[in-house]
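Notes follow once the structure below has been shown.
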Amino acid sequence: MPELPEVETTLRGITPFIEGRELIGWTIRNSALRWPVEIPVLLKNQPVVRLRRRGKYILLEFHSGALLIHLGMSGSFRCVPRGAMVLTHDHVEFDFGGGILLRLNDPRRFGSVLWQPGEADTHRLLAHLGPEPLGNEFSASYLKVRAHHRKVAIKPFLMDSSVVVGVGNIYANEALFLAGIRPARIVGRVPLHKFEDLIHAVRRVLSEAITQGGTTLRDFVSPEGRPGYFQQRLKVYDRKGEPCTVCGEAVEGVVLGGRGTFYCPVCQPVRGFGRLTW
DNA sequence: ATGCGGACCTGTTAGC
DNA sequence: TGCTAACAGGTCCGCA
């Protein structure tokens, strides 16, 4: 669930329950997330100064420092009335007053809640993150520089958070399809104009998903969360053997860099490059 | 420096 | 139907 668009919509959804409020209490039911949960005692009754996203991290900034929250592979937030039934995997709970509790549910426990005194971005997990995909820094010329002489395939390159944040497996697949680039292409040999296409594709796919994520978030935040959303928009992800929406050729499915990888063998040719498919 | 594979977990699905 | 294995939206870390 937590691709960048969902993290963004999660952030928007929990903001009304947090912004301008004080953290009056919290409960840690299971501290064993990716790293032990860190919520310092000094945060009690401290106001949240700012709420923002960096990559897939949600940052709750206080005067004294910031809580870094990552949803990992299976994390989600729910806003529930005080006294609501605790669900399996509700590991951490925040009380910002107003009779509402924010519960972090994470079955696989790959998520994290970490404390960074002072400036959030100085945390070791944030310090080396690449630019935001929807910001100006993320450009074709930037990618060209970063790709220089590198022999890695373009898909894992695109998913490398030190190159650009927030492009998970689904969107890496989708963006490469839209850009007409085979996922296994050696990134060092991709020409500037194809990086232009890729930039546009990444931006488009992420912003479209954010638009739809809003719908997801409402379910997400309401007491009765409901799954199911933009699967119908996916052009290649998890569509192995199904016809390409552009040319009808069967979508290929392979493993690349240990991750499920999907592409159209015609629209994303081995030699040369395909055209933008929108 | 770069690239690769393993690791961390549980829940769901595919296959026998 | 039931059991088991494979796989999953992330990403860090250690090793070659």
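In what follows, every chain begins at residue 1, and chains take the letters A, B, ... in the order their sequences are listed.
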Original post:
Hey, are A/Glu61 and A/Arg52 close enough for a salt bridge, meaning a charged N less than 4.0 Å from a carboxylate O?
Top reply: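 Salt bridge present between A/Glu61 and A/Arg52.
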Is any NZ, NE, NH1 or NH2 atom of the basic residue among A/Glu6 and A/Lys56 found under 4.0 Å from an Asp or Glu carboxylate oxygen of the other?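 Salt bridge absent between A/Glu6 and A/Lys56.
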I'd like to know if the side chain of A/Arg182 reaches the main chain of A/Gln268, judged simply by a donor and an acceptor atom lying under 3.5 Å from each other, with no hydrogens or angles considered.
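Yes: the side chain of A/Arg182 pairs with the backbone of A/Gln268.
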**Asked** Has the side chain of A/Arg34 got a donor or acceptor atom that lies under 3.5 Å from a matching backbone atom of A/Gly72?
**Response**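 No: the side chain of A/Arg34 does not pair with the backbone of A/Gly72.
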Kindly point out which of [options] is positioned nearest to the side chain of [X]?
X        : options               : answer
A/His89  : B/dT10, C/dT11, C/dG9 : B/dT10
A/Lys151 : B/dT10, B/dG3, C/dG10 : B/dG3
A/Ser161 : C/dG10, C/dC12, B/dC9 : C/dC12
A/Arg150 : C/dG10, B/dG3, C/dG9  : B/dG3
A/Arg109 : C/dA8, B/dC9, C/dG10  : B/dC9
A/Pro107 : C/dA8, C/dC12, B/dG11 : B/dG11
A/Phe110 : B/dT10, B/dC8, C/dT11 : B/dC8
A/Trp35  : C/dG10, C/dC13, B/dT2 : C/dC13
A/Ile170 : B/dC8, C/dG9, C/dA8   : C/dG9

Check: Which sits closer to the 5' end of DNA chain C, A/Gly166 or A/Phe262, going by the nucleotide each is nearest to?
Finding: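 Residue closer to the 5' terminus by nearest nucleotide: A/Phe262.
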Between A/Arg108 and A/Leu125, which is nearer to the 5' end of DNA chain C once each is assigned its nearest nucleotide?
->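 In this pair, the answer is A/Arg108.
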- Please check if atom CG in A/Asn45 has more than 12 non-hydrogen atoms from other residues, nucleotides or ligands closer than 6.0 Å.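 Atom CG in A/Asn45 is crowded, with more than 12 foreign heavy atoms closer than 6.0 Å.
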When both hydrogen-bonding distances must be under 3.5 Å and the geometry is Watson-Crick or G-U wobble, what is B/dT10 paired with, if anything?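 Pairing partner, where one exists within any strand: C/dA8.
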Is the phosphate of C/dG9 approached by A/Tyr237 (side-chain N or O, under 4.0 Å from OP1 or OP2)?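 Checking C/dG9 against A/Tyr237, a side-chain N or O does come within under 4.0 Å of OP1 or OP2.
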Tell me whether the OP1 or OP2 atom of C/dT11 has a side-chain N or O from A/His70 closer than 4.0 Å.
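Checking C/dT11 against A/His70, a side-chain N or O does come within under 4.0 Å of OP1 or OP2.
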Determine the interatomic distance between C1' on B/dG3 and the same-named atom on C/dG9; round to the nearest Å.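 That atom pair is separated by 23 Å.
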Which residue lies toward the 5' end of DNA chain B, A/Thr88 or A/Arg34, if each is placed at its nearest nucleotide?
->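 Nearest nucleotide further toward 5': that of A/Arg34.
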Could you tell me the separation between the [atom1] atom of [X] and the [atom2] atom of [N], rounded to a whole number of Å?
X        : N      : atom1 : atom2 : value
A/Ile186 : B/dT2  : CD1   : P     : 14 Å
A/Tyr171 : C/dG10 : OH    : P     : 10 Å
A/Leu71  : B/dC9  : CG    : P     : 18 Å
A/Arg259 : B/dC4  : CZ    : P     : 15 Å

(Q) Counting the atoms with a prime plus P, OP1 and OP2 as sugar-phosphate, which does A/Arg124 contact under 4.0 Å by heavy atoms, base, sugar-phosphate, or nothing? (A)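 A/Arg124: backbone/sugar contact only, no base atoms under 4.0 Å.
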